[in-house]
Amino acid sequence: MNRLPAERRTAVIKALVEGNSIRATCRLTGTAKGTVIRLLAEIGEACHALHDRLVRNVPAKRLQADEIWSFCHAKARNVPARLQGKPGIGDLWTWVCIDADTKLAISYLVGQRDSGEATVFMRDLVSRLAGRAQLTTDGFPGYLQAVEEAFGWNGVDYAMLVKLYGAGHEIDRGYSPPVCVGCERHWIMGKPDNASVSTSFVERSNLTLRMQQRRFTRLTNAFSKKAANHAYAVALHFAHYNFCRVHQTLTKAAKGIYRTPAMAAGLTDHVWTVADLVALLDQKAAA
C-alpha cells in the first residue's frame, strides 16, 4: 500500500507534538485527515513500546505524582444517555510520575481517577525504579492503598501534599480557578524529607502536556473523540518530552550543553530528533 515518505511523516509528527490539532496538521502538511490519524496510532504504539523498553532501572530519588484531567467525546455531565457507562466516553485522567531531579516522566497512565487505576499506576512505577526513593502525591485518597500495595509498607518514603483553598472554592466558579491559600504536608510512611515534599515539578510537567497536546487545551473543539487516539497522543507526547525536548534547566546545569530528561537520567547520550521517533516505525516494519 502507499506509505508517506519519511520527510512527510516527520513533518506531521512535528506538527502534532507542537500543539497543533489534527485538522491544523492536515493543512500545514498537506496530508489527509485519515492518514494523520493512522500515523498517530502507529507512532503512539511505537512510542509506548520505546518507553516500556528504555525507561527502566531509573535511579530516581525524588518522585512526584499527579493526575491531569481531560475528556473524550463529551464531559461526564454532558454524555448522552445512550453512551453513559460506555468505556472511554466522558472524563479521562492522565496519571504522571516524574523524577524531580532529571524531570524524566518515569510512568504515565490514561484512565479513570479511582483506586484501581492508582494501583496499576503505582505498580508500573515500582517496576521502573532502581532503588528506594521519596514519593510525593496530592491528597487523592486512592493513593494510600495503591502505594502500600505497590511498594509494601515502608518500602518508600511517602508523603502527601494537600492544598487548601479559599472559601467558596466548592461553588461553580466558571473558568476561574480556586485560590490556593496554603498546603499541608502529611507523613504516610518511611522517612520523607519534609523540604522535598512538593508536587511543583509534576504540575509544571502537566502544564507542558496541556500546552503541547491540543487535545488537552481547554475551551476548544479539539478534544479527543476516541479514547485510543487520546492514549496514542499521550504516548507520543512523553516520548518526545523525555528524549527530544531540550529542557532549559538541565541545559543550564550542564553549562549550555543541550540535555533532555532522558540524558539526565542516563537513558541515552544524545538529543533525539522527531526523525528518530519516526524511524521506529521503519524498524517495526522491518522486524
Side-chain angles (χ1 to χ4, degrees), residues 55 58-69 93-109 113 115 117-119 121-126 128-148 150-151 153-166 169 177-212 216 234 237-238 241-242 245-254 259-267:
V55 184
V58 180
K61 296 301 181 184
R62 296 189 301 156
L63 305 173
Q64 298 182 8
D66 196 17
E67 321 86 54
I68 178 172
W69 172 84
W93 293 82
T94 300
W95 304 70
V96 187
C97 182
I98 73 165
D99 179 356
D101 297 307
T102 66
K103 311 305 184 289
L104 180 78
I106 302 174
S107 182
Y108 62 86
L109 175 69
R113 193 172 188 249
S115 57
E117 298 281 38
T119 300
F121 175 56
M122 283 295 151
R123 285 176 176 170
D124 180 73
L125 174 62
V126 170
R128 300 180 186 279
L129 299 176
R132 189 181 181 92
Q134 173 167 328
L135 172 66
T136 305
T137 70
D138 60 18
F140 177 58
Y143 279 120
L144 294 172
Q145 181 178 352
V147 172
E148 183 174 350
F151 288 89
W153 177 250
N154 277 338
V156 64
D157 301 316
Y158 176 36
M160 272 186 169
L161 185 72
V162 180
K163 291 187 175 181
L164 306 176
Y165 295 96
H169 78 277
V179 177
C180 181
V181 297
C183 60
E184 295 178 346
R185 295 174 172 85
H186 296 279
W187 172 88
I188 306 298
M189 69 173 72
K191 298 180 179 179
D193 177 15
N194 196 56
S196 297
V197 176
S198 171
T199 57
S200 297
F201 292 119
V202 70
E203 288 171 1
R204 180 60 182 83
S205 172
N206 286 344
L207 175 60
T208 299
L209 173 59
R210 204 170 280 286
M211 292 191 300
Q212 298 298 120
F216 286 81
V234 170
H237 167 80
F238 283 114
Y241 171 85
N242 281 338
R245 196 171 188 270
V246 174
H247 199 287
Q248 286 186 335
T249 302
L250 300 177
T251 299
K252 184 177 180 181
R259 289 175 68 80
T260 63
M263 293 174 67
L267 304 181

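Just so it is clear, the structure is predicted and the values come from calculations on it, not from any experiment.
No donor-acceptor pair under 3.5 Å is formed between the side chain of Thr136 and the backbone N or O of Met160. In this structure a side-chain-to-backbone donor-acceptor pair under 3.5 Å is missing from Arg62 to Ala133. Side-chain N or O atoms of Gln64 include none that pairs as donor or acceptor with a backbone N or O of Ala100 at under 3.5 Å. Between the side chain of Thr119 and the backbone N or O of Ser115, at least one donor-acceptor pair lies under 3.5 Å. Here the side chain of Gln134 pairs a donor or acceptor atom with the backbone of Asp193 at under 3.5 angstrom.
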Worked verdict on Thr94 versus Phe216 for side chain to side chain contact (heavy atoms under 4.5 Å, CB included): CA-CA 10 Å; Thr94 300; Phe216 286 81; 3.6 Å; yes

Dump the intermediate steps for side chain to side chain contact (heavy atoms under 4.5 Å, CB included) on Phe140 and Trp95, then the final yes or no. CA-CA 12 Å; Phe140 177 58; Trp95 304 70; 3.6 Å; yes

For Asp66 and Thr199: C-alpha separation, side-chain torsions, deciding distance, then whether side chain to side chain contact (heavy atoms under 4.5 Å, CB included) applies. CA-CA 7 Å; Asp66 196 17; Thr199 57; 5.5 Å; no

Side chain to side chain contact (heavy atoms under 4.5 Å, CB included), that's the test. Do Leu63 and Ile98 meet it? Break it down for me. CA-CA 6 Å; Leu63 305 173; Ile98 73 165; over 6 Å; no

Please walk me through it: do Tyr158 and Thr137 pass side-chain hydrogen bond (donor to acceptor under 3.5 Å, both in side chains)? CA-CA 8 Å; Tyr158 176 36; Thr137 70; 2.8 Å; yes

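Ala65 approaches Phe121 most closely through the heavy-atom pair CB-CE2, 4.1 Å. Minimum interatomic distance between Gly139 and Val162 (heavy atoms only, all atoms of both residues): CA-CG2, 4.0 Å. The minimum heavy-atom distance between Asn154 and Gly190, with the atom names listed, is OD1-N, 2.9 Å. The minimum heavy-atom distance between Val58 and Ile106, with the atom names listed, is CG1-CD1, 4.0 Å. The nearest pair of heavy atoms linking Ala60 to Leu129 is CB-CD2, 4.4 Å. Of all non-hydrogen atoms in Val55 and Ala105, the two that sit nearest each other are CG1-O, 4.4 Å.
Within the model, atoms CZ of Phe151 and CZ of Arg123 stand 12.0 Å from one another, a figure rounded to the nearest 0.5 Å. Here the CG atom belonging to Leu161 is positioned 7.5 Å from the OG atom belonging to Ser200, to the nearest 0.5 angstrom. To the nearest 0.5 Å, atom OH of residue Tyr143 and atom CG of residue Leu135 are 8.0 Å apart. Summarising the geometry, atom CZ belonging to Arg259 is positioned 8.0 Å from atom OG1 belonging to Thr251; distances are rounded to the nearest 0.5 Å. Asn242 CG to Leu104 CG: the interatomic distance, rounded to the nearest 0.5 Å, is 4.5 Å. Here His247 contributes atom NE2 and Ser205 contributes atom OG; the two are 8.0 Å apart, rounded to the nearest 0.5 Å.
Under the 4.5 Å side-chain criterion, counting only non-hydrogen atoms from C-beta, Met211 is in contact with Leu207.
Evaluation of the ring-ring contact (aromatic ring centres under 6.0 Å, His included) rule for Phe238 yields Tyr108 as partners, not counting sequence neighbours. For Lys61, the salt bridge (Lys or Arg N to Asp or Glu O under 4.0 Å) criterion is met by no residue, not counting sequence neighbours. Scanning for side chain to side chain donor-acceptor pair (under 3.5 Å) contacts around Trp69 gives Asp91, with sequence neighbours left out. Every residue two or more places apart in sequence or in another chain that forms a salt bridge (Lys or Arg N to Asp or Glu O under 4.0 Å) with Arg132 is listed here: Asp157. For the salt bridge (Lys or Arg N to Asp or Glu O under 4.0 Å) test, residues two or more places apart in sequence or in another chain that qualify with Arg113 are Glu67, Asp138. Every side chain to side chain donor-acceptor pair (under 3.5 Å) that Arg128 has, sequence neighbours left out, goes to Asp52, Asp124.
Side-chain atoms of Thr208 and Gln212 form no donor-acceptor pair, as typed in the model, at a separation below 3.5 Å. Side-chain contact of Thr260 with Tyr241: a donor-acceptor pair under 3.5 Å is absent, judged by distance alone.
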